[in-house]
Amino acid sequence: FLPKNDAETVVVDLRMPVGTPLPVTEALVREIEAAALAQPETRSVSAIVGEAADIETAIADAPATHVGQLFIELVPVEERDRVSTAVTASIREAIPSLDTAESIRFTEVSGGPGGRDITVEVRGEDRAAALLAVERVKAILAEYEGVRDISDDDYESQREIQVALRPGAAAMGLTVADVARQVRGVLFGLEAHTFSERREDIDVRVRLEEESRRRIETIESMWIVTPDGRRAPIGEGAELIDGTSFATLRRVDRERTITVSADCAFGTNPEQVNEAITPRLQALQREFPGLRIETAGRAEDVREAFSSLPMAIGAAMILIYVILAWLFSSYVEPLAVMVAIPFAVIGVVWGHLAMGYQLDFLSVIGIVALSGVVVNNSLVFVDFANRARDAGRPLKEALVAAGRQRLRPIVLTSLTTFLGLTPLMAEQSFQARFLIPMAISIAFGLLSSTVLTLVVLPAFLVVLDDIKAAAHFLWFGRT
């Protein structure tokens, strides 16, 4: 329902297991780069090893040896035959060693809603239950054909040396704060003095030289000072542990959140997958009452669009009816004029089929705009027929006269509008693809409503007249 348009930029986010040496990560990045450059649609490739950033928020992750990011620039849309999704699939197939990566994600930078095709959020403070629910969600997604690159954002990407006190540290009078302050002073430094120079305060920080700060042995062999002034090796009072930690903690509505996301292969509809997994996620929610498990991302955008779209369509219909009722001084004839709107939907469907486009959200927006345009032809027809009836002509003669004399203006008005939208529908540039579905809705909807209005509207007016005559007979007992 939400369009996933062709893209000219593809971002590849690579994440290897924590602790992977930088040369190993770089080797896989070069494989991906070579596979991308082998595609005829690729214009250029830029790669970064050891760093990565979120393309939506522009927030960089902590530097690490196991991450990499590539930016693949494709030739313009109008100069290639394959869409970006097909090019991405070819790059993926050309890389034999993707299994060694912990996760790899291809993101196409295009217009419309951002984010991955499928997003499920697991919220709650019970981390053990959340991790179990995340694995269950991944298993559910893996059952659907065409769903790939299933991953979550609960990864420990920051390596660190953790300092834990030994049982004998209390006898030495050491606390966690004492040890942390001294280790921080060795690595980050201590402000020993502040002096003024040219009306500016300059801090003097004392710390070890850079070469020593880069070696873990420096911490392992350092000495610390106890509260009573004695010096002792750090190993007597504290234990150094090599571990990992989170670079970021993600929360949604102040709740700890783990996001499970996935992409869909070319030809797989994300909305259908989201609709299929929703009841299964609801069942999973009942198994974990302390958690909130719900779809987000594209599925949330669809929900928001559907929640506001009926109100917009209803408001448009009411306003059109009020204006027509005021114009005709009748509560029935506006309904006859508005019959052209469902006739236009027929043309919208056939137009998308003929042009090879999917019916998406922008197409529906075009239908809303079309509702105010297609009534013009019916309005001209009904107004002329009413004038002929006011002049004393019978209904059928008035309708025939209206069709004969208003045929050329109605056809020419619709035809000029269709031809005016034709260049936009025929445009193949990347920027125009967002507006083409809306133009198809207006152009082909107007054509079908014009043809059906000239044929069906007169018959509908005759039916309404017969209904009014029957109602008059039933109420007054005479014709």
* **salt bridge (charged side-chain N to carboxylate O under 4.0 Å, His left out) between Arg205 and Glu191, worked out** => CA-CA 4 Å; Arg205 187 180 300 276; Glu191 292 184 6; 3.5 Å; yes

* Is there a side chain to side chain contact (heavy atoms under 4.5 Å, CB included) between Arg82 and Ser90 once you walk through the steps? -> CA-CA 10 Å; Arg82 294 195 299 173; Ser90 298; 2.7 Å; yes

* To do: Go through Glu220 and Ile234 one step at a time and tell me if the side chain to side chain contact (heavy atoms under 4.5 Å, CB included) criterion holds.
  => CA-CA 7 Å; Glu220 295 175 340; Ile234 189 174; 5.9 Å; no

* Asked: Are Ser196 and Asp201 close enough, and set up right, to give a side chain to side chain donor-acceptor pair (under 3.5 Å), and what steps lead you there?
  -> CA-CA 4 Å; Ser196 299; Asp201 292 338; 3.0 Å; yes

* Glu143 and Arg280: CA distance, side-chain angles, deciding distance, salt bridge (charged side-chain N to carboxylate O under 4.0 Å, His left out) verdict -> CA-CA 12 Å; Glu143 296 177 7; Arg280 303 186 63 179; 2.7 Å; yes

* Do Arg123 and Val252 pass the side chain to side chain contact (heavy atoms under 4.5 Å, CB included) test, and can you show the C-alpha distance, the side-chain angles, and the key distance before you say yes or no? -> CA-CA 8 Å; Arg123 306 183 194 177; Val252 177; 3.3 Å; yes

* To do: Go through the steps to decide whether His352 and Ser441 satisfy the test side chain to side chain contact (heavy atoms under 4.5 Å, CB included), and finish with yes or no.
  => CA-CA 8 Å; His352 281 79; Ser441 296; 3.3 Å; yes

* Report the C-alpha separation of Thr278 and Glu275 in whole Å, then their side-chain angles, then the decisive distance to 0.1 Å, and conclude whether the side chain to side chain donor-acceptor pair (under 3.5 Å) test is met. => CA-CA 5 Å; Thr278 297; Glu275 183 179 359; over 6 Å; no

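Side-chain atoms of Asp253 do not come within 3.5 Å of backbone N or O of Glu255 as any donor-acceptor pair. A donor-acceptor pair under 3.5 Å is absent between the side-chain atoms of Glu239 and the main chain of Gly235, judged by distance alone. In this structure, the side chain of Gln285 engages the main chain of Ile293 through a donor-acceptor pair within 3.5 Å. A donor-acceptor contact shorter than 3.5 Å is absent between the side chain of Ser212 and the backbone of Leu208.
Shown here is Glu211, whose CD atom has no more than 12 heavy atoms of other residues, nucleotides or ligands within 6.0 Å. Within a 6.0 Å sphere centred on CD1 of Ile202, heavy atoms belonging to other residues, nucleotides or ligands number more than 12. For Glu79, the CD atom is densely surrounded, since the number of other residues' heavy atoms within 6.0 Å is greater than 12.
Between Ser449 atom OG and Leu370 atom CG the span is 6.5 Å, to the nearest 0.5 Å. The CD atom of Gln182 sits 7.0 Å away from atom CG of Asp178, with the distance rounded to the nearest 0.5 Å. Separation of atoms CD (Glu93) and OG1 (Thr88) is listed at 11.0 Å; rounding is to 0.5 Å. For the atom pair CD (Glu73) and CZ (Arg43), the distance works out to 8.0 Å, reported to the nearest 0.5 Å. The OG atom of Ser371 sits 8.0 Å away from atom CE of Met338, with the distance rounded to the nearest 0.5 Å. In this structure, Glu294 CD and Thr119 OG1 are separated by 12.0 Å, a value rounded to the nearest 0.5 Å.
No side-chain heavy atom of Gln69 sits under 4.5 Å from any side-chain heavy atom of Glu51. Contact check for Met317 versus Ile341: side-chain heavy atoms found under the 4.5 Å cut-off. A heavy-atom distance below 4.5 Å is found between the side chains of Met425 and Phe418. Between Val225 and Arg230 there is no side-chain heavy-atom pair separated by less than 4.5 Å. Side-chain contact between Phe188 and Arg213 is absent, with no heavy atoms from C-beta onward closer than 4.5 Å. Between Leu28 and Met16, some side-chain heavy-atom pair lies under the 4.5 Å cut-off. Using a 4.5 Å heavy-atom threshold, the side chains of Val24 and Pro21 count as touching. At a threshold of 4.5 Å between non-hydrogen side-chain atoms, the residues Val120 and Thr259 do not count as touching.
Take Glu210 and apply the side-chain hydrogen bond (donor to acceptor under 3.5 Å, both in side chains) test, not counting sequence neighbours, and it matches Arg214. Legend: residues meeting ring-ring contact (aromatic ring centres under 6.0 Å, His included) with Phe343, ordered by chain and number and at least two apart, are absent. For Asp81, there are no salt bridge (Lys or Arg N to Asp or Glu O under 4.0 Å) partners two or more places apart in sequence or in a different chain.
Closest heavy-atom contact between Ala262 and Ile150: CB-CG1, 3.8 Å. In this structure, Ala316 and Val368 approach most closely via the heavy-atom pair CB-CG1, 4.4 Å. Minimum interatomic distance between Gly173 and Pro227 (heavy atoms only, all atoms of both residues): O-CG, 2.9 Å. In this structure, Ala133 and Leu291 approach most closely via the heavy-atom pair CB-CD1, 3.8 Å. Ile72 and Ala36 get closest at one heavy-atom pair: CD1-CB, 3.7 Å. Residues Arg80 and Val75 share a closest heavy-atom pair of NE-O, 2.9 Å.
Ion pairing between Glu236 and Arg166 fails under the 4.0 Å rule for side-chain N and carboxylate O. Look at Asp263 and Arg105 and you find no salt bridge, because none of the NZ, NE, NH1 or NH2 atoms lies under 4.0 Å from a carboxylate O. The residues Arg92 and Asp149 are annotated as salt-bridged, a charged nitrogen and a carboxylate oxygen being separated by less than 4.0 angstrom.
For the residue pair Ser414/Thr450, the side-chain donor-acceptor check at 3.5 Å is satisfied. With 3.5 Å as the limit, one finds a donor-acceptor pair spanning the side chains of Thr85 and Glu108. Remark: the Glu121 side chain and the Thr257 side chain contain no N/O donor-acceptor pair separated by less than 3.5 Å.
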